[in-house]
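Data block below; observations after.
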Amino acid sequence: MKPFFKEINFEKGLYSDYDEKIVRRLSDIQPYVENKKALEERKSDRDSVVYEVLQIDIPDQAGHIKNSITIIKPGVIGEEYFFTKGHYHGNQESAEIYLGLKGQGVLLMQKGDREELIEMEKGTMSYIPPQWAHRTINVGQNDFVFTSFYPGDAGYDYQEIISGGFKTRICETDSENNGPAYKKVRR
Ligand code: M6P
Ligand code: ZN
């Protein structure tokens, strides 16, 4: 393949152009939501967009490095902030790097009994080592946008997330509160 470039507009947090857009709606993240009652109450919004992933055609092969941009909309299901499905890499030995572009988010990672939470915003680089499950959450009032870099053959394992899940959910706090915009709720 030929070398190429894309422009990332840091104001908009978007590529100049991309090849594919994946749209995840409330209906798509249903298996990942713990509060089924809250989801049921939003039945009429099944088509509401939770997040989008802008993708560029880079081969899913060892040796290549994939790059994408994820845009998580602001919102909650019950009190849980909008989140990505989250995954382990199918090829467990693959790491990943996230670079924050816009908005306020957190990166939740889990490996066995261990858990890490890293705050993300414009200019923060976060490293996800091999074997850690990862999910991003929008804890702000506007879009939360970041770009990811990962091995072409990393692959996705969502099944472990559906069956085992993340032990922590990131939820909104009282508006009265002047502290952090989110709280951790353990299952
Ligand atoms: C990031 C990367 C992508 C991933 C996306 C959405 O951009 O990790 O590989 O697809 O977030 O996350 P998920 O696939 O868990 O829904
Ligand atoms: Zn990943």
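One-based numbering, in listed order, for ligands and for the atoms of each.
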- [ ] Determine, stepwise, if the pair Lys183 / Glu79 fulfils salt bridge (Lys or Arg N to Asp or Glu O under 4.0 Å).
- [x] CA-CA 10 Å; Lys183 63 180 180 205; Glu79 58 171 15; 3.5 Å; yes
Task: Atom-level proximity to ligand 1, residues with heavy atom under 4.0 Å - done: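 Residue list for ligand 1: Tyr51, Val53, Ser68, Thr70, Thr84, Lys85, Gly86, His87, Glu96, Tyr98, Phe146, Ser148, Tyr150, Tyr156, Tyr158.
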Task: Shortest-distance N/O/S atom, His89 versus the Zn ion (ligand 2) - done: NE2
- [ ] Please name the atom of Glu96, restricted to N, O or S, that is closest to the Zn ion (ligand 2).
- [x]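 Looking only at N, O and S atoms of Glu96, the one nearest the Zn ion (ligand 2) is named OE1.
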- [ ] Provide the closest heavy-atom pair for Ala95 versus Tyr127 in the form atom of the first, atom of the second, distance.
- [x]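 Shortest heavy-atom separation between Ala95 and Tyr127 comes out as CB-OH, 3.2 Å.
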- [ ] Start with the C-alpha gap between Val50 and Asp28, add the side-chain angles, then the distance that decides, and say whether side-chain contact (heavy atoms from CB on, under 4.5 Å) holds.
- [x] CA-CA 9 Å; Val50 178; Asp28 298 311; over 6 Å; no
Open item on the list: Other residues, nucleotides and ligands only: do more than 12 of their heavy atoms fall within 6.0 Å of CD1 on Ile97?
Closed with: yes
- [ ] Evaluate whether atom NZ of Lys36 has more than 12 neighbouring non-hydrogen atoms of other residues, nucleotides or ligands under 6.0 angstrom away.
- [x] yes
- [ ] Give a yes or no answer on whether the side chain of Thr84 reaches the backbone of Thr136 with a donor-acceptor pair at less than 3.5 Å.
- [x] yes
Open item on the list: Under a 4.0 Å threshold between the charged nitrogen and the carboxylate oxygen, would Arg169 count as salt-bridged to Glu34?
Closed with: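 Yes, charged N to carboxylate O under 4.0 Å.
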- [ ] With the Zn ion (ligand 2) at the centre, find the angle made by NE2 from His134 and NE2 from His87, to 10°.
- [x] 90°
